[in-house]
Engineer: 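The structure under discussion is supplied below as structure tokens; questions concerning it will follow.
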Amino acid sequence: AVNTEEERKYKSLLAEADDLHTRGWLAEAEAKFNEAASVRKGGKEAADGLKRVEATRKKLYDAAMIEAKAAEQNKNYDKAVSALDRALEAKPGDVEATKCSARVNAAKTQKDYETAIAEARTAEKKNDWEKAREAYERALTAKPGDADASNGLRDSWRKIGRLEIALDVEKKVKMQF
């Protein structure tokens with residue numbers, strides 16, 4: 001009777017694991033296959049299921065890394081970050097994906113900063129101080145404490161007529177440098 005109950009539990013866990021794998025819930029499927037393997041030591045079906053999960057992880061990882069590298073070359077950093085997130089979901093802690101992610105995030109931050117500064121300078125030329133202020137704030141989100149963006153933000157607040165805020169920004173800049 002114990003073996004029959006054990007067999008029923010094993011098959012039930014395998015069915016759950018297969019369903020999770022089919023749905024793309026790899027970590028959950030892996031956990032169920034491991035649970036099944038603990039019910040029946042040396043169970044071929046559980047071992048095969050774990051191999052299928054690993055093969056799916058590898059396939060997803062490889063596709064995501066190819067997409068990430070192409071997106072990075074094209075300077076499409078948002079797409080690269082998204083692809084790298086998928087790669088790291090498929091292989092958590094992977095060294096190559098982690099290094100690539102750090103590099104892409106740094107490039108994305110720099111691009112976001114440069115875009116915001118360019119937009120701020122364009123807005124200043126048009127005397128659109130509100131747009132300049134918004135752009136300088138985005139630049140500071142990308143590079144907190146940046147002197148150029150902080151000074152631009154201070155000057156924008158002055159031009160808008162909010163001297164108290166401009167002075168507050170100036171104090172923060174002086175405290176940083």
Side-chain angles (χ1 to χ4, degrees), residues 19-31 50 52-177:
D19 182 55
L20 291 165
H21 181 245
T22 300
R23 293 171 187 246
W25 297 354
L26 302 182
E28 294 83 353
E30 186 174 42
L50 287 167
R52 285 194 311 277
V53 168
E54 186 55 36
T56 300
R57 283 186 190 279
K58 182 175 179 355
K59 181 179 169 186
L60 292 172
Y61 171 85
D62 290 346
M65 289 301 289
I66 288 168
E67 182 183 341
K69 288 174 182 177
E72 181 183 14
Q73 283 182 335
N74 292 326
K75 297 187 182 340
N76 185 343
Y77 299 119
D78 290 330
K79 187 174 183 178
V81 166
S82 176
L84 287 163
D85 286 346
R86 289 194 315 278
L88 286 166
E89 188 177 314
K91 282 191 178 180
D94 179 74
V95 174
E96 182 185 0
T98 300
K99 284 181 182 177
C100 192
S101 182
R103 185 178 64 246
V104 166
N105 278 306
K108 180 184 182 320
T109 296
Q110 184 63 31
K111 182 180 176 185
D112 290 348
Y113 170 80
E114 290 171 0
T115 299
I117 291 291
E119 289 174 9
R121 301 249 161 83
T122 298
E124 285 176 341
K125 288 177 185 168
K126 296 177 181 176
N127 290 322
D128 188 342
W129 300 106
E130 187 57 36
K131 266 194 177 162
R133 179 196 62 76
E134 291 170 2
Y136 281 124
E137 286 180 348
R138 284 197 318 279
L140 284 167
T141 298
K143 280 193 179 179
D146 179 74
D148 289 340
S150 295
N151 290 331
L153 180 61
R154 177 201 61 213
D155 294 345
S156 296
W157 279 118
R158 278 195 181 131
K159 296 288 186 174
I160 291 169
R162 301 293 302 271
L163 295 178
E164 71 284 1
I165 297 174
L167 290 172
D168 188 45
V169 170
E170 189 168 6
K171 283 180 196 172
K172 288 179 184 174
V173 170
K174 285 181 180 175
M175 289 171 64
Q176 291 172 354
F177 298 100

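What you are looking at is a predicted structure, and each value in this text was computed from that prediction instead of being measured.
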Engineer: Give me the atom names and distance for the closest heavy-atom approach of Leu26 to Val53.
Structural biologist: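 Heavy atoms only, the tightest pair is O-CG1, 3.9 Å.
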Engineer: How long is the span from the CZ atom in Arg133 to the CD atom in Glu130, to the nearest 0.5 Å?
Structural biologist: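 Here the rounded value is 4.0 Å.
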Engineer: Kindly give the heavy-atom pair with the smallest separation between Ala80 and Ala71, and that separation in Å.
Structural biologist: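 Smallest interatomic distance, heavy atoms only, reads N-CB, 3.6 Å.
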Engineer: Identify the two heavy atoms, one from Gly145 and one from Leu140, that lie closest to each other, and give their separation to 0.1 Å.
Structural biologist: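 The pair with the smallest heavy-atom distance is N-CD2, 3.8 Å.
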Engineer: CG/Leu88 to CZ/Arg86 distance, rounded to the nearest 0.5 angstrom?
Structural biologist: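 Answer rounded to 0.5 Å: 11.5 Å.
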Engineer: Ala90 and Tyr61: which non-hydrogen atoms are nearest, and at how many Å?
Structural biologist: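 Heavy atoms of Ala90 and Tyr61 come nearest at CB-N, 3.9 Å.
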Engineer: Please examine the side chains of Lys99 and Val95, heavy atoms only from C-beta on, and report whether any two atoms are closer than 4.5 Å.
Structural biologist: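 In short, these two side chains touch, coming nearer than 4.5 Å.
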Engineer: Is the side chain of Ser101 donor-acceptor paired with the backbone N or O of Ala97 at a distance under 3.5 Å, no angle test?
Structural biologist: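 Looks like no, no N/O pair under 3.5 Å.
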Engineer: Which value, rounded to the nearest 0.5 Å, describes the distance between Arg52 atom CZ and His21 atom NE2?
Structural biologist: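 It is 6.5 Å, given to the nearest 0.5 Å.
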Engineer: Which pair of non-hydrogen atoms, one from Ser156 and one from Ala132, has the smallest distance, and what is that distance?
Structural biologist: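 That closest heavy-atom pairing would be OG-CB, 3.6 Å.
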Engineer: Apply side-chain contact (heavy atoms from CB on, under 4.5 Å) to residues Arg57 and Glu30 and explain how you reach the verdict.
Structural biologist: CA-CA 11 Å; Arg57 283 186 190 279; Glu30 186 174 42; 3.1 Å; yes
Engineer: Could you please spell out the steps behind the salt bridge (Lys or Arg N to Asp or Glu O under 4.0 Å) verdict for Asp62 and Lys58?
Structural biologist: CA-CA 6 Å; Asp62 290 346; Lys58 182 175 179 355; 2.7 Å; yes
Engineer: Calculate, to the nearest 0.5 Å, the distance between atoms CG and CD belonging to Leu84 and Glu89 respectively.
Structural biologist: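 Answer rounded to 0.5 Å: 12.5 Å.
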Engineer: CD/Glu67 to CG/Asn76 distance, rounded to the nearest 0.5 angstrom?
Structural biologist: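 The CD atom of Glu67 sits 9.0 Å away from the CG atom of Asn76.
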Engineer: Would you say the side chains of Tyr77 and Gln110 form a donor-acceptor pair under 3.5 Å?
Structural biologist: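 Gln110 and Tyr77 do not have a side-chain donor-acceptor pair below 3.5 Å.
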Engineer: Rounded at 0.5 Å granularity, tell me how far CD in Glu28 sits from CZ in Arg23.
Structural biologist: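 So the CD of Glu28 and the CZ of Arg23 are separated by 11.0 Å.
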Engineer: Under the 3.5 angstrom rule, does the side chain of Ser82 hit a backbone N or O of Asp78 as a donor-acceptor pair?
Structural biologist: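 Answer holds: no.
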Engineer: With a 4.5 Å limit on heavy-atom distance, are the side chains of Arg121 and Asp148 in contact?
Structural biologist: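 Yes, their side chains come closer than 4.5 Å.
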Engineer: Are the side chains of Thr122 and Lys126 in touch, meaning some heavy atoms are under 4.5 Å apart?
Structural biologist: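 Yes. Closest side-chain heavy atoms under 4.5 Å.
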Engineer: Under 3.5 Å, side chain of Lys143 to main-chain N/O of Tyr113, donor-acceptor pair present?
Structural biologist: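 It does not hold such a pair.
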